[in-house]
Amino acid sequence: MDVEKVCLSKNKLKLFPLQLFTAVKQVSALPTRAVAAVLTLAAVVMISTVWFLPPATAPVSYDRKAIIIEGQRRILFSGSIHYPRSTPEMWPGLVKKAKDGGLDVIQTYVFWNGHELSPGKYYFEGRYDLVRFIKVVKDAELYVNLRIGPYICAEWNFGGFPVWLKYVPGISFRTDNKPFKVAMQRFVEKIVSMMKSEKLFEWQGGPIILTQIENEFGPVAEYGGADDLSYAQWSAKMAVSLNTGVPWIMCKEDDAPDPIVNTCNGFFCDGFSPNKPYKPAMWTEAWTGWFTSYGDPLPHRPVENLAFAVANFIQKGGSFVNYYMYHGGTNFGRTSSGLFVAASYDYDAPIDEYGLLRQPKWGHLKGLHQAIKSCEKALVSSDPNVTSHGLNQQIYVFRSKSGDCAAFLTNNDTESNSTIIFNGLKYDLPPWSISILPNCTTEAYNTAKVRIQRSEMKMISSVGGFSWNSYTENSNSIPKSSFMMQGLLEQLNVTRDSTDYLWYTTFVDIGKDEEFLKNGQYPLLTVASAGHSLHVFINGELSGTAYGSLQSPKLTYNGNAKFRVGSNRISILSVAVGLPNGGTHFETWNVGILGPVTLSGLNTGKLDLTFHNWTYQIGLKGEALNLYSITGSSCFEWGEFSQKKPLTWYKAFFNSPDGDEPLALDMSSMGKGQAWINGESIGRYWPGYKAFGSCNGCDYRGFHNEKKCLTSCGEPSQKLYHVPRSWLNPTKNLIVVFEEWGGDPTDISLVKRINVDVELQK
Ligand code: GAL
């Protein structure tokens, strides 16, 4: 027998709960009492089998306490690092920092739309080299939790789905729909067989110990119908049938059928228990902060708050915690989703976007991991004895048969310190904190006592004063590739997301007897768009700009149209800012100008342009010329830069700054657009979008549930844009910027990012 067969036959044993589930279903035809007896017996057999017999025989399995690897129950700390959100050159350093921070596992989604570019055409190179990423984790001797999805949410364009999927005839996403299930299964099978052939599962000597199917399907199913429920069951069965030889998980899916483990996502998961008593309590997304949206303030999560949440989860029996994100990284290119998600996916994570340690977050969590790991044996081999001491204080004591003892002392009072007497000794606890005593005597850690030096990120200027050439898009020309249709077309149906940009152009004739020509009150143009941003040009002149927000992607433009006698041209550049990454049937959501488009204030009153003839032009001329690429930009005759203008391309060259500090482009002087370094896109920039709403001074003790700490109100949501070092040559690096709003490129500079230690925390 070869290794794979041995492991797969072992794996059959692990499916015991599923077989039992089927067996129970089969006896359901028996009279009720007989069924009850069978069920009770079955439950006893199952609990005793799982709990009292030696840990399951599969190399990776689970019981009600923990994930079991090679016969050992484990407390596992994990961290999300998404491979396309950094560069392959950064991966080893990030993974090492994760290991040094006390992590055992790296969690990543699999990014379907980055891999299957058109049906059956796959790409696994560069930032999308999944196998290389997993091997980096393996080389660091860490495990992998592979979240295959393939729906992933993740603030990633279209929730990870390729846009072509929307155009498969008869498709309906994430429900009992044949075309969808066929495409999904084909991709999941592709990934699983790739992992097997690269020997990346744990039983093959690889690092993968857990695989995830779907993502947070529970909330969808809650509002959905029978088709949604049967889809969830189908996904589960399909996944299990692929024999990965490691447990499958489904996050936020209370109906996850056996043997799949349902897991928790959230800021706090201490109230969570899995749907069966023989499954471990796992927290797949402990949110370390939150993502940034353009127009929104910067979200933070104080580490004391996170540490409390994690310690609380562990003392209540949790044994797997994944930090989402441990390193958030960058949404390069056009990969961020339509929640106005910024290029930065920093997430306030323990490792910042640039790969630097965020202190005290990283260090304080490391201390937490060390304290918990030092009493792992007691934690996984016993249930706690919980006692209350006063209104708001508890002690959790774990004692194993072999004499290990660990205690967690908890002060739930958000206002006052507390003294707890335990085994005759006194322990002082700050408000809302947990102390860990790995040997039941010495306090090794308290969640609120931060003893790590705080670091602050500083930027030091490096390269500025670029010598720019420029080229301005002509908003008054109709290229041959355009086409005319009556009425307004939905943007994605036209562009298929090959570009953010779609021109909508129409003409209006103005007679010389129009009243407005005498009194100078130009007619009002109103444009309703499903999202996300637009620029209106009247006879080639920029007339106005409008954009939506995370709270409301839809927008309405109102502006006077400076018409003249004769034919007037209205050109509207509709700009998408990513496609939705979630929500019920998000494949049916619209982008672009759907109308109505009206003109009021003419002699005839209101003119409805919605059903006029419109000319459509997909993308920009500069995009068609590949101006952002090294070859495209060198084949083109650029002009000398003289003044800042909207819809303008800029190019310059620069030498690489010395040293190895991470680099960023300071784009504060710019409005909105995209930028490329040596042909690689740093993402959509939008410093012109200032954070509105109100910021709050954040007391971590008051921060519970969904509340976030917000800073930077009134400031651009993102000024600095990561430029990975590995994209640079020593000299003659090409920078290309496409600016929509008319920002000033002369103030763009490349800066070095460094960490400076600040005062010691109390
Ligand atoms: C979760 C989801 C993640 C991510 C997160 C917010 O609900 O599973 O993929 O979107 O929210 O960052």
Side-chain angles (χ1 to χ4, degrees), residues 78-85 106-114 145-161 173-174 210-223 232 235 248-254 256 260-269 272 282-294 296-301 306 309 320-331 335-353 550-551 578-584 586 705-710 717:
S78 170
S80 296
I81 300 179
H82 294 159
Y83 52 97
R85 286 179 156 142
I106 300 297
Q107 184 199 73
T108 183
Y109 282 123
V110 177
F111 296 79
W112 187 1
N113 54 13
N145 170 12
L146 195 65
R147 303 173 93 190
I148 302 176
Y151 168 68
I152 61 168
C153 193
E155 293 70 70
W156 190 259
N157 201 36
F158 227 32
F161 287 158
F173 286 2
R174 301 178 79 203
L210 291 167
T211 36
Q212 177 179 305
I213 193 76
E214 251 291 338
N215 191 76
E216 295 196 336
F217 192 71
V220 177
E222 209 173 299
Y223 303 105
S235 311
W248 282 93
I249 55 174
M250 287 179 103
C251 64
K252 266 204 184 170
E253 169 55 310
D254 293 345
I260 295 188
V261 183
N262 62 309
T263 66
C264 183
N265 292 347
F267 284 109
F268 293 86
C269 277
F272 172 79
M282 298 174 67
W283 188 359
T284 31
E285 290 183 28
W287 296 325
T288 53
W290 201 244
F291 60 89
T292 303
S293 285
Y294 288 130
D296 273 20
L298 293 190
H300 298 280
R301 183 172 193 185
L306 180 56
F320 178 95
V321 178
N322 175 73
Y323 297 102
Y324 187 100
M325 300 295 296
Y326 197 74
H327 168 259
T330 310
N331 294 310
T335 59
S336 63
S337 76
L339 300 173
F340 286 73
V341 173
S344 168
Y345 199 66
D346 178 85
Y347 223 90
D348 198 25
I351 304 178
D352 80 2
E353 178 183 3
L550 166 63
Q551 292 71 22
L579 304 177
N581 61 289
T584 315
F586 59 86
N705 300 322
E706 298 298 308
K707 195 173 153 236
K708 300 165 195 92
C709 296
L710 302 173
S717 303

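Counting starts at 1 for both ligands and their atoms, following the listed order. Scope of the values below: all heavy atoms of this structure, side chains included, with no hydrogens, waters or symmetry mates.
Ring-centre distance between Phe272 and Trp283: not below the 6.0 Å cut-off. Aromatic ring centroids of Tyr151 and Phe217 lie 6.0 Å or more apart. A centroid separation of 6.0 Å or more is found between the aromatic rings of Phe158 and Trp112. Taking the six-membered ring for Trp and the full ring otherwise, the centers of His82 and Tyr324 sit less than 6.0 Å from each other.
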Note to self: One pair to check against disulfide bond (SG atoms under 2.5 Å apart): Cys251 and Cys264. What are the steps and the verdict?
What the structure shows: CA-CA 6 Å; Cys251 64; Cys264 183; over 6 Å; no
In a simple table, one pair per line, please give the protein and ligand 1 atom names for every N or O pair closer than 3.5 Å, along with the distance.
{"from": "ligand 1", "atom 1": "7 (O)", "to": "Glu216", "atom 2": "OE1", "distance (Å)": "2.5"}
{"from": "ligand 1", "atom 1": "7 (O)", "to": "Glu216", "atom 2": "OE2", "distance (Å)": "2.7"}
{"from": "ligand 1", "atom 1": "8 (O)", "to": "Tyr109", "atom 2": "OH", "distance (Å)": "3.4"}
{"from": "ligand 1", "atom 1": "8 (O)", "to": "Asn215", "atom 2": "ND2", "distance (Å)": "2.9"}
{"from": "ligand 1", "atom 1": "8 (O)", "to": "Glu216", "atom 2": "OE2", "distance (Å)": "3.4"}
{"from": "ligand 1", "atom 1": "8 (O)", "to": "Glu285", "atom 2": "OE1", "distance (Å)": "3.4"}
{"from": "ligand 1", "atom 1": "8 (O)", "to": "Glu285", "atom 2": "OE2", "distance (Å)": "2.8"}
{"from": "ligand 1", "atom 1": "9 (O)", "to": "Tyr109", "atom 2": "OH", "distance (Å)": "2.7"}
{"from": "ligand 1", "atom 1": "9 (O)", "to": "Ile152", "atom 2": "O", "distance (Å)": "3.1"}
{"from": "ligand 1", "atom 1": "9 (O)", "to": "Ala154", "atom 2": "N", "distance (Å)": "2.8"}
{"from": "ligand 1", "atom 1": "10 (O)", "to": "Ala154", "atom 2": "N", "distance (Å)": "3.2"}
{"from": "ligand 1", "atom 1": "10 (O)", "to": "Glu155", "atom 2": "OE2", "distance (Å)": "2.6"}
{"from": "ligand 1", "atom 1": "12 (O)", "to": "Glu155", "atom 2": "OE1", "distance (Å)": "2.7"}
{"from": "ligand 1", "atom 1": "12 (O)", "to": "Glu155", "atom 2": "OE2", "distance (Å)": "3.4"}
{"from": "ligand 1", "atom 1": "12 (O)", "to": "Tyr347", "atom 2": "OH", "distance (Å)": "2.5"}

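Remark: Arg301 is positioned above the aromatic ring of Phe268, its terminal NZ or CZ atom under 6.0 angstrom from the ring centre and at most 45 degrees off the axis.
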